[in-house]
> 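Below are the structure tokens for one structure; questions will follow.
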2 protein chains.
Amino acid sequence: MARQRLSRDDVIRGAVAYIDEHGAQSLTMRRLGASLGVEAMALYRHVAGRDALLAAVVHQVIDDLFNDSLMTEEPNSWEEYVQHVANALRNLALDHPQIFPLIAAHPPEAPWLRPPLRSLRWVDHFLRSLRDFGFSDSAAVDAYKALTSFLLGALLLQVAAVGVAVSPEEASMIEDGSLDQYPTLKGLQGKLAEDHSKREFDDGLDDLIERIRSILHP
Amino acid sequence: MARQRLSRDDVIRGAVAYIDEHGAQSLTMRRLGASLGVEAMALYRHVAGRDALLAAVVHQVIDDLFNDSLMTEEPNSWEEYVQHVANALRNLALDHPQIFPLIAAHPPEAPWLRPPLRSLRWVDHFLRSLRDFGFSDSAAVDAYKALTSFLLGALLLQVAAVGVAVSPEEASMIEDGSLDQYPTLKGLQGKLAEDHSKREFDDGLDDLIERIRSILHP
DNA sequence: ACCTGAACACCGTTCAAGT
DNA sequence: ACCTGAACACCGTTCAAGT
């Protein structure tokens with residue numbers, strides 16, 4: 001394959017792929033350069049530095065969400081719209097479990113931009129959609145705040161569990177004996193370990209929608 | 001002050017103080033050593049390495065929560081207990097905004113240990129308390145899952161906002177003009193920026209308690 | 001037993017130099 | 001205009017040496 005000249009987009013997409021495979025911790029300017037067939041220093045022509053690159057990765061992934069099939073179809077109610085946004089973000093988190101924590105942790109561009117819906121374009125889209133469904137300004141903003149809080153907690157927990165499953169050597173870092181101190185926990189360990197994450201997510205989402213409904217009709 | 005021999009506890013408490021002041025990113029074995037009056041390599045006598053140190057910091061801070069005044073008084077109902085746990089964690093997040101994201105991000109010891117209530121001792125305490133108030137095994141576990149999800153989302157958003165406020169040079173990274181593309185957002189910017197974090201938290205917590213009640217009496 | 005000093009293999013980032 | 005090579009100031013971590 002002939003080597004084209006490197007573009008900014010190549011660098012960012014390369015970083016996304018690298019993090020998906022190896023995790024953000026092991027992304028190094030030198031290693032990313034090597035994976036793109038270029039010296040590390042060439043990357044600085046396209047991004048200001050490592051931090052700026054990670055910020056660009058976050059932005060890229062969040063913006064790709066607009067192309068998710070869930071987002072391209074027109075919703076018939078605000079409930080449907082909220083459900084589509086939530087599930088599109090859930091898919092993103094499951095597709096990029098190594099990147100989602102960056103979305104959560106990286107300082108947003110403005111204090112009123114809340115992860116994981118943290119781009120100007122997204123917030124505008126969300127507020128506009130709800131208003132088109134009849135929400136007042138205040139109700140739309142409150143719904144945005146409630147949704148971001150729910151999604152952040154629910155999805156971060158989901159990918160944290162995935163992250164553990166990925167590194168099996170640490171999967172049972174807890175020696176059998178250490179549970180003897182905690183008999184209640186020991187008895188409930190089986191129940192705790194059961195994974196009902198999809199049901200948990202859907203139940204939480206139903207509750208959230210109920211809550212937004214009560215914001216809408218106080 | 002005469003220099004005592006360094007203990008593991010000195011190292012961990014020193015790391016907590018260092019992160020509170022400078023952030024986890026700038027915690028370096030060399031710099032932490034210097035702040036404790038010791039060479040970096042001396043730290044390795046007490047912790048296995050930087051990652052292990054950060055894990056110990058997380059564990060320490062979470063365990064200190066048992067000494068919070070909210071946790072030492074005996075609750076009269078499960079609602080009161082849940083409220084005390086939630087508010088103690090909220091205080092922790094506000095006291096250690098630089099450490100809370102580590103609690104959220106660091107891989108837990110077991111997949112069924114969910115941040116931010118992620119120590120064996122805490123989970124055991126929580127499940128035991130709810131069972132003492134009459135919860136079934138399943139109800140206690142479901143309540144644990146619902147509470148962790150709520151706290152993680154709500155508190156991470158709270159400290160993310162604090163983190164931005166701390167670095168004022170980035171506070172207005174968004175140039176005035178860039179909002180012109182997004183008229184809806186521009187109009188609602190004021191409402192978005194309003195900080196009602198305590199009310200938001202309390203409302204969310206009330207909702208969560210309502211939700212747990214419906215788990216308890218299906 | 002605990003701490004130090006020197007060393008190793010890596011970082012991010014700069015800058016002048018190449019094409 | 002874009003990439004490279006050498007260099008700088010830092011990392012985490014190891015290991016032998018000091019006390």
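Numbered from 1 within each chain, the chains take letters A, B, ... in sequence-line order. The structure presented is a predicted model; accordingly, all values stated were derived computationally and were not measured.
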> What is the distance from CZ of B/R30 to C1' of C/dC8, rounded to the nearest Å?
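In whole Å, C/dC8 C1' and B/R30 CZ are 11 Å from each other.
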> Looking at A/R13 and A/D64, is any side-chain nitrogen of the basic one under 4.0 Å from a carboxylate oxygen of the acidic one?
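Yes, charged N to carboxylate O under 4.0 Å.
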> Rounded to the Å, how far apart are B/E39 CD and D/dC11 C1'?
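Going from B/E39 (CD) to D/dC11 (C1'), I get 15 Å.
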> From CE of B/M29 over to P of D/dT14, roughly how many Å is that when rounded to an integer?
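Distance, rounded to whole Å: 10 Å.
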> Return no unless some side-chain N or O of B/R31 is found under 4.0 Å from OP1 or OP2 of D/dC11.
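Answer yes for this pair, as a side-chain N or O of B/R31 is under 4.0 Å from OP1 or OP2.
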> Scan A/M41 against the nucleic acid and name what it touches under 4.0 Å (heavy atoms): base, sugar-phosphate only, or nothing.
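Result for A/M41 = base.
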> Just the rounded figure in Å: distance from C1' of C/dT13 to NE2 of A/H46.
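Spelled out: NE2 on A/H46 to C1' on C/dT13 is 17 Å.
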> From the set D/dG5, C/dC2, D/dT13, return the single nucleotide nearest to any side-chain atom of B/R50.
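Side chain of B/R50 sits closest to D/dT13.
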> Rounded to the Å, how far apart are A/Q25 CD and D/dC11 P?
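Checked: the CD to P distance equals 16 Å.
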> Write down the distance between CG (A/D10) and P (D/dC2), rounded to a whole number of angstrom.
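My rounded result for the distance is 13 Å.
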> How many angstroms lie between atom CG of B/L192 and atom NZ of B/K186, to the nearest 0.5 angstrom?
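Answer for the CG-NZ pair, B/L192 versus B/K186, is 14.5 Å.
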> On DNA chain C, nearest-nucleotide positions of A/D51 versus B/R45: which is more 5'?
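The residue whose closest nucleotide sits nearer the 5' end is B/R45.
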> Between C/dC10 and A/T28, is there an OP1 or OP2 to side-chain N/O distance shorter than 4.0 Å?
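False: A/T28 side-chain N/O out of range (4.0 Å or more) of C/dC10 OP1/OP2.
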> Looking at A/F66, is A/R121 sitting on its ring face, NZ or CZ under 6.0 Å from the six-membered ring centre and within 45 degrees of the normal?
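Ring-cation test returns yes.
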> Checking A/D10 against A/S7: is there a side-chain donor and acceptor pair closer than 3.5 Å?
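A/S7 vs A/D10: donor-acceptor pair found between side chains.
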> Take the protein atom OH of A/Y44 and the nucleotide atom P of C/dC11, then report the distance between them rounded to whole Å.
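One finds 12 Å between P of C/dC11 and OH of A/Y44, rounded.
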> Quick check on B/E74: does its CD atom have over 12 non-hydrogen neighbours (other residues, nucleotides or ligands) under 6.0 Å away?
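No, because the 6.0 Å sphere around CD of B/E74 holds 12 heavy atoms or fewer from other groups.
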> Taking the side chain of B/V38 as its heavy atoms from C-beta onward, which of D/dC3, C/dC3, D/dG12 lies nearest to it?
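Given the options D/dC3, C/dC3, D/dG12, the side chain of B/V38 is closest to C/dC3.
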> Using purine N1 to pyrimidine N3 plus N6-O4 or O6-N4 for Watson-Crick, or N1-O2 and O6-N3 for G-U wobble, both under 3.5 Å, which nucleotide pairs with D/dC11?
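Its partner: none found.
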> Across all strands, who's sitting opposite D/dG18 as a Watson-Crick or G-U wobble pair, both distances under 3.5 Å?
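WC or wobble partner is C/dC2.
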> Tell me the interatomic distance from A/L43, atom CG, to C/dT13, atom C1', rounded to whole angstroms.
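Whole-Å distance recorded here is 12 Å.
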